[in-house]
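This one's a predicted model, so the numbers in the text were calculated from it and none came from an experiment.
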Amino acid sequence: MNGFLAGLCVAVLPLLAAGFWLGRRTARPENLGGLGTPVEHATFETLHTASLAAPPLRAGLTGETARKSARRLRTLLGTDALCLTDQDTVLAWDGLGEHHRTEIMERLGNPLETGRGEAFRLKCDEPDCSLRWAVVAPLTVDDRVHGALVACAPRESAVLVRAAGEVARWVSVQLELADLDQSRTRLIEAEIKALRAQISPHFIFNSLAVIASFVRTDPERARELLLEFADFTRYSFRRHGDFTTLADELHAIDHYLALVRARFGDRLSVTLQIAPEVLPVALPFLCLQPLVENAVKHGLEGKTDKSHISITAQDAGAEALVVIEDNGTGMDPDRLRRILAGEVSPSGGIGLSNVDDRLRQVYGDEYGLVIETAVGAGMKITARLPKYQPGVHSAGPLPRE
């Protein structure tokens with residue numbers, strides 16, 4: 001789909017450049033300073049104008065995004081006026097003749113219903129109004145009409161009809177990309193909710209049982225553990241932001257391990273080696289804790305002797321390298337591959353596949369988890385986290401209540 005959208009953009013923009021900007025530039029030659037031909041300048045200005053109009057539209061079709069992009073779109077077409085509408089109202093008007101708002105909305109019924117463009121003569125009693133003709137081009141995403149682009153001009157023009165249709169198709173591509181971005185965000189949010197649902201019962205029941213065991217024998221210890229429990233669950237169920245910092249995630253892991261140590265005593269030892277320079281790195285929320293929980297589960301399950309977990313976070317140039325390793329029971333590699341592929345559900349619902357999917361969605365397929373394991377040989381999980389990734393920004397520290 002991304003290839004199709006890119007191809008559509010490539011096909012549309014040169015047509016606009018050659019059709020309108022070339023016509024306007026050859027009709028009104030300017031001093032180009034000897035740098036490039038009129039066609040090259042027309043193409044550059046068209047692409048530049050389109051690039052300025054695109055970012056607002058990538059947020060969807062709203063009053064604010066329509067207002068920010070309408071002037072750029074009118075410049076692309078070279079018309080006296082242009083408006084963007086949704087199904088019910090004019091979202092933004094740029095140029096002359098804003099008193100035609102009501103008339104235009106009354107004439108949009110058929111284009112919005114059928115998704116087909118049309119042109120019509122404007123009725124106007126204003127002596128100073130030069131607008132006499134309107135061209136309507138519907139804005140569609142996945143065969144659904146979201147609104148319309150309407151270009152107004154002093155006279156009828158077949159070229160304007162074609163150009164308005166091409167610009168509307170380009171706007172529709174931006175809206176489709178916005179819809180894909182929103183779908184991706186909803187998917188990430190759904191996966192975080194699923195991860196919480198997987199972790200919470202397993203963690204809550206065991207933690208409360210541990211705290212209850214200390215209530216009579218060591219009330220102060222029970223109080224400390226209850227605070228650890230409260231801090232961890234508060235972090236896990238926070239409502240702001242899809243991303244956090246490595247420092248905050250490790251702090252939550254520390255609360256989690258305090259409760260695990262209370263449960264298993266000296267059967268579990270943990271070593272942490274964290275480079276201070278990677279602590280501010282942003283990463284997907286609840287990304288590392290499930291990996292530590294997995295290490296606890298496979299490090300202690302079926303074993304009677306002591307288990308060890310090491311957590312390291314190193315500076316690797318443009319990336320932070322996080323490694324979580326245990327000396328537990330390990331896993332059959334074929335079963336692990338099926339879990340990561342979503343073919344089977346992991347016992348206990350620890351969420352390895354959830355974390356792997358989210359890392360790939362945020363950073364790309366090359367940033368999926370690297371897992372080394374075998375039956376009886378423990379497990380080593382490596383996660384590479386880019387220090388900078390467009391769109392990945394921590395929402396800041398969790399506010400205290």
Side-chain angles (χ1 to χ4, degrees), residues 2 4-21 24 42-102 104-105 107-108 111-112 115 117 119 131 134-142 144-153 157 159-185 390-391:
N2 289 339
F4 166 75
L5 297 178
L8 182 57
C9 288
V10 170
V12 169
L13 292 176
L15 175 61
L16 295 176
F20 269 84
W21 279 104
R24 294 174 68 190
T43 301
F44 168 78
E45 292 189 34
T46 300
L47 293 172
H48 179 63
T49 303
S51 70
L52 295 176
L57 295 170
R58 288 292 301 272
L61 187 62
T62 67
E64 181 179 1
T65 61
R67 177 180 56 79
K68 290 180 178 179
S69 60
R71 178 165 298 182
R72 308 293 183 185
L73 297 175
R74 184 166 75 90
T75 300
L76 280 176
L77 289 172
T79 59
D80 295 71
L82 179 141
C83 71
L84 294 172
T85 81
D86 58 15
Q87 290 278 356
D88 304 309
T89 186
V90 173
L91 297 174
W93 186 288
D94 189 77
L96 307 174
E98 194 166 351
H99 57 278
H100 286 289
R101 279 174 172 259
T102 302
I104 284 177
M105 286 307 303
R107 299 291 297 271
L108 290 187
L112 293 178
L131 302 183
V135 176
V136 180
L139 304 175
T140 61
V141 176
D142 292 334
R144 292 179 289 111
V145 180
H146 285 224
L149 178 150
V150 184
C152 302
S157 169
V159 176
L160 178 60
V161 172
R162 292 183 61 189
E166 295 295 345
V167 172
R169 288 172 60 192
W170 179 81
V171 172
S172 296
V173 169
Q174 306 309 310
L175 298 179
E176 186 164 353
L177 291 172
D179 192 52
L180 291 173
D181 287 342
Q182 293 170 3
S183 298
R184 174 178 171 273
T185 299

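Taking OG of Ser172 as the start and CG of Leu149 as the end, the distance is 9.0 Å to the nearest 0.5 Å. Taking CG from Asp86 and CG from Leu139, the interatomic distance works out to 10.0 Å, rounded to the nearest 0.5 Å. For the atom pair CG of Leu84 and CG of Leu73, the computed distance is 6.0 Å after rounding to the nearest 0.5 Å. Taking CG from Leu175 and CG from Asp142, the interatomic distance works out to 11.0 Å, rounded to the nearest 0.5 Å. Taking CD of Glu176 as the start and CG of Leu57 as the end, the distance is 13.5 Å to the nearest 0.5 Å. With rounding to the nearest 0.5 angstrom, the CG atom of Leu82 is 13.5 Å from the CZ atom of Arg72.
For the pair Thr65 (side chain) and Gly60 (backbone), a donor-acceptor distance under 3.5 Å is present. Checking side-chain atoms of Glu64 against main-chain N and O of Pro56 turns up no donor-acceptor pair under 3.5 Å. Remark: the backbone N or O of Leu160 is paired with a side-chain donor or acceptor of Ser157 at under 3.5 angstrom.
Scanning for side-chain contact (heavy atoms from CB on, under 4.5 Å) contacts around Ala92 gives Ala66, Arg67, Ala70, with sequence neighbours left out. Asp94 meets the side chain to side chain donor-acceptor pair (under 3.5 Å) test with Arg71, Arg74; sequence neighbours excluded. Partners of Ala81 under the side-chain contact (heavy atoms from CB on, under 4.5 Å) rule, at least two apart in sequence or in another chain, are Trp93, Leu131, Cys152. For Arg107, the side-chain contact (heavy atoms from CB on, under 4.5 Å) criterion is met by Phe120, not counting sequence neighbours. A search for side chain to side chain donor-acceptor pair (under 3.5 Å) contacts involving Thr140 returns nothing, not counting sequence neighbours. Qualifying side-chain contact (heavy atoms from CB on, under 4.5 Å) partners for Thr102, counting only residues two or more places apart in sequence or in other chains: Glu106. Applying the side chain to side chain donor-acceptor pair (under 3.5 Å) test to Glu98 and every residue at least two apart in sequence or in another chain returns Arg101.
Minimum interatomic distance between Pro111 and Pro138 (heavy atoms only, all atoms of both residues): O-CG, 3.8 Å. Minimum interatomic distance between Ala153 and Asp80 (heavy atoms only, all atoms of both residues): CA-OD1, 4.3 Å. Of all heavy-atom pairs between Met105 and Gln87, the closest is CE-O, 4.2 Å.
Ion pairing between a basic and an acidic side chain is recognised when a charged N comes within 4.0 Å of a carboxylate O; Arg162 and Glu166 show no such pairing.
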Practice task
Verify side chain to side chain contact (heavy atoms under 4.5 Å, CB included) between Thr79 and Val135, making sure each step is shown before the conclusion.
Solution key: CA-CA 11 Å; Thr79 59; Val135 176; over 6 Å; no
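The shortest distance between side-chain heavy atoms of Thr85 and Val90 falls below 4.5 Å.
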